[in-house]
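Let me begin by presenting the structure, written as structure tokens, before commenting on it.
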Amino acid sequence: MSLSGKVALITGAAQGLGKAFSEVLLKRGANVCVADIKVQTGEATVSSFQQQYSRDRAFFFKCDVTRENDIKATFDAVKKQYGQLDMVVNNAGIADEGAWNKMIDINLKGVVMGSQYAVEALRRDKGGNGGLIINVSSAAGLSPVYVTPVYAASKFGVVGYTRSWAANPHLGSMGLSFCCMCPTFAETDIMKGIDDGSKSLYADDAQELVKMLGIMSVKEVVDAFEQLLDLPDKNGVVVTVTKRDGIHIKRPDMKNKL
Ligand SMILES: NC(=O)c1ccc[n+]([C@@H]2O[C@H](COP(=O)([O-])OP(=O)(O)OC[C@H]3O[C@@H](n4cnc5c(N)ncnc54)[C@H](O)[C@@H]3O)[C@@H](O)[C@H]2O)c1
């Protein structure tokens with residue numbers, strides 16, 4: 001899938017998976033808005049992108065996905081900078097059972113809010129280009145995880161929300177596709193506190209789980225993201241990627257939708 005001349009907005013893109021997804025999109029020709037709460041890291045990321053590509057291909061915008069004003073300002077900034085939007089990756093997330101309220105605000109409500117603004121900006125029947133919304137969930141959005149029950153709840157929510165949109169029969173006339181990514185553990189900062197158990201409920205069990213599942217490189221998740229981009233029909237797709245079983249593109253049965 002060439003993205004030449006397309007525009008993407010990625011939340012939580014200052015570092016980790018969001019940064020790596022942004023690089024893929026840049027490589028494929030898209031211009032990107034790196035939106036994140038971390039200003040210094042985000043600006044450094046964008047500066048490295050600008051050196052590698054060109055100044056006008058990427059910009060940083062400070063955005064706390066829990067604040068509607070920030071989300072609105074980010075979408076406005078993209079429109080101002082590039083005059084269009086084609087793809088939104090709602091990726092920002094944290095893992096900390098001790099901050100469960102905040103975690104639901106970021107991981108679930110942030111994705112909902114980002115998706116709502118994305119729908120309004122992209123929908124073809126209201127003057128947008130149509131486009132793709134990728135929500136970053138987790139393997140913890142598909143299977144129960146007793147060491148991180150709130151994280152799992154937030155990620156199950158993302159899968160349910162995304163699949164519900166994908167099941168919307170009006171999506172075609174809007175020109176929209178919704179899909180989600182569900183990786184197991186990957187080597188980013190979010191692992192700090194999960195691998196030592198300090199941000200989980202049962203430290204020893206959390207460490208056992210990490211040992212059992214292994215930790216993927218960021219590249220292994222990026223490869224799954226690229227496979228998703230290359231699918232001709234992405235709507236409703238749930239991409240899983242694990243250390244043990246690799247990448248699986250799933251199209252959950254929509255017959256059971258209500
Ligand atoms: N790394 C993994 O093991 C793993 C596995 C499955 C799913 N995920 C998901 O992938 C996504 C990216 O995580 P990561 O692994 O790159 O971790 P990370 O900690 O490296 O990156 C998360 C990014 O989100 C940003 N962020 C946090 N709160 C924010 C807020 N309120 N507003 C805007 N940005 C905010 C952070 O500043 C950071 O740049 C998350 O949704 C995470 O749940 C990660």
Report the distance from atom [atom1] of [X] to atom [atom2] of [Y], rounding to the nearest 0.5 Å.
{"X": "Asn129", "Y": "Arg123", "atom1": "CG", "atom2": "CZ", "answer": "14.5 Å"}
{"X": "Ile94", "Y": "Ile104", "atom1": "CD1", "atom2": "CD1", "answer": "10.0 Å"}
{"X": "Leu108", "Y": "Thr66", "atom1": "CG", "atom2": "OG1", "answer": "13.0 Å"}
{"X": "Asp195", "Y": "Phe185", "atom1": "CG", "atom2": "CZ", "answer": "8.5 Å"}
{"X": "Gln15", "Y": "Thr45", "atom1": "CD", "atom2": "OG1", "answer": "7.5 Å"}
{"X": "Lys199", "Y": "Thr148", "atom1": "NZ", "atom2": "OG1", "answer": "13.0 Å"}

- [ ] Might you work through the side chain to side chain contact (heavy atoms under 4.5 Å, CB included) test for Ile134 and Phe225, ending with a clear yes or no?
- [x] CA-CA 10 Å; Ile134 301 176; Phe225 183 75; 3.7 Å; yes

Contact between [X] and [Y] at the side-chain level, heavy atoms closer than 4.5 Å - yes or no?
{"X": "Tyr117", "Y": "Val88", "result": "no"}
{"X": "Val218", "Y": "Leu17", "result": "yes"}
{"X": "Asp245", "Y": "Thr240", "result": "no"}
{"X": "Thr184", "Y": "Met216", "result": "yes"}

Open item on the list: Working note: Thr162 + Ser137, criterion side chain to side chain contact (heavy atoms under 4.5 Å, CB included); need CA distance, chi angles, decisive distance, verdict.
Closed with: CA-CA 9 Å; Thr162 308; Ser137 177; over 6 Å; no

Looking at [X] and [Y], would you say the former's side chain and the latter's main chain have a donor-acceptor pair under 3.5 Å?
{"X": "Glu187", "Y": "Ile215", "answer": "no"}
{"X": "Thr11", "Y": "Asn91", "answer": "yes"}
{"X": "Ser47", "Y": "Glu43", "answer": "no"}
{"X": "Glu97", "Y": "Val147", "answer": "no"}
{"X": "Lys192", "Y": "Asp189", "answer": "no"}

Is it true that [X] and [Y] fall in one hydrophobic cluster, defined by side-chain heavy atoms closer than 4.5 Å?
{"X": "Val119", "Y": "Val237", "result": "no"}
{"X": "Val46", "Y": "Phe61", "result": "no"}
{"X": "Val111", "Y": "Val159", "result": "no"}
{"X": "Val39", "Y": "Ile106", "result": "no"}
{"X": "Ile133", "Y": "Leu9", "result": "yes"}

Is it the case that atom [atom1] in [X] sees more than 12 heavy atoms from other parts of the structure closer than 6.0 Å?
{"X": "Arg67", "atom1": "CZ", "value": "no"}
{"X": "Lys6", "atom1": "NZ", "value": "no"}
{"X": "Asn101", "atom1": "CG", "value": "yes"}

Mind listing the side-chain donor-acceptor pairs of residues 25-36 below 3.5 Å, one per line with the distance, residues two or more places apart or on another chain?
from  : atom 1 : to     : atom 2 : distance (Å)
Arg28 : NE     : Glu226 : OE1    : 3.0
Arg28 : NH1    : Met1   : O      : 3.0
Arg28 : NH1    : Asp230 : OD1    : 2.8
Arg28 : NH2    : Glu226 : OE1    : 2.6
Arg28 : NH2    : Asp230 : OD1    : 3.3
Arg28 : NH2    : Asp230 : OD2    : 3.2
Asn31 : OD1    : Arg57  : NE     : 3.0
Asp36 : OD1    : Lys38  : N      : 2.9
Asp36 : OD2    : Ala13  : N      : 3.1
Asp36 : OD2    : Ala14  : N      : 3.0

Run the side-chain donor-acceptor check on residues 165-180: report pairs under 3.5 Å with partners two or more places apart or on a different chain.
from   : atom 1 : to     : atom 2 : distance (Å)
Trp165 : NE1    : Tyr161 : OH     : 3.1
Asn168 : OD1    : His170 : N      : 2.7
Ser173 : OG     : His170 : O      : 2.9

Task: Verdict with reasoning, Ile37 to Asp70, per side chain to side chain contact (heavy atoms under 4.5 Å, CB included) - done: CA-CA 10 Å; Ile37 199 167; Asp70 281 17; over 6 Å; no

Any idea which heavy atoms bring [X] and [Y] closest together, and the distance?
{"X": "Gly18", "Y": "Ile10", "result": "O-CG2, 3.9 Å"}
{"X": "Val241", "Y": "Glu220", "result": "CG2-O, 3.8 Å"}
{"X": "Pro252", "Y": "Val238", "result": "CG-CG2, 3.8 Å"}
{"X": "Ile71", "Y": "Gly114", "result": "CD1-N, 4.0 Å"}
{"X": "Lys243", "Y": "Leu213", "result": "CB-O, 3.3 Å"}
{"X": "Ala206", "Y": "Gly197", "result": "CB-CA, 4.0 Å"}

Open item on the list: I'd like to check the ring-ring contact (aromatic ring centres under 6.0 Å, His included) partners of Tyr202; sequence neighbours left out, ordered by chain and number.
Closed with: Tyr146

- [ ] Go through the structure and list residues passing ring-ring contact (aromatic ring centres under 6.0 Å, His included) with Tyr82, not counting sequence neighbours.
- [x] Phe59

TODO: List, by chain and number, the other hydrophobic cluster members for Leu258, where Ile, Leu, Val, Met, Phe, Trp and Tyr join if side-chain heavy atoms come within less than 4.5 Å, directly or indirectly.
DONE: none

Can you give each donor-acceptor pair under 3.5 Å made by side-chain atoms of residues 151-158, sequence neighbours left out, with the distance rounded to 0.1 Å?
from   : atom 1 : to     : atom 2 : distance (Å)
Ser154 : OG     : Asn107 : ND2    : 3.3
Ser154 : OG     : Tyr151 : O      : 2.7
Lys155 : NZ     : Val136 : O      : 3.2

TODO: Could you tell me whether Lys72 and Asp76 have a side-chain N and a carboxylate O separated by less than 4.0 Å?
DONE: yes

Open item on the list: Consider side chain to side chain contact (heavy atoms under 4.5 Å, CB included). Of Val239, Thr242, Leu142, which one does Cys182 pass it with?
Closed with: Leu142

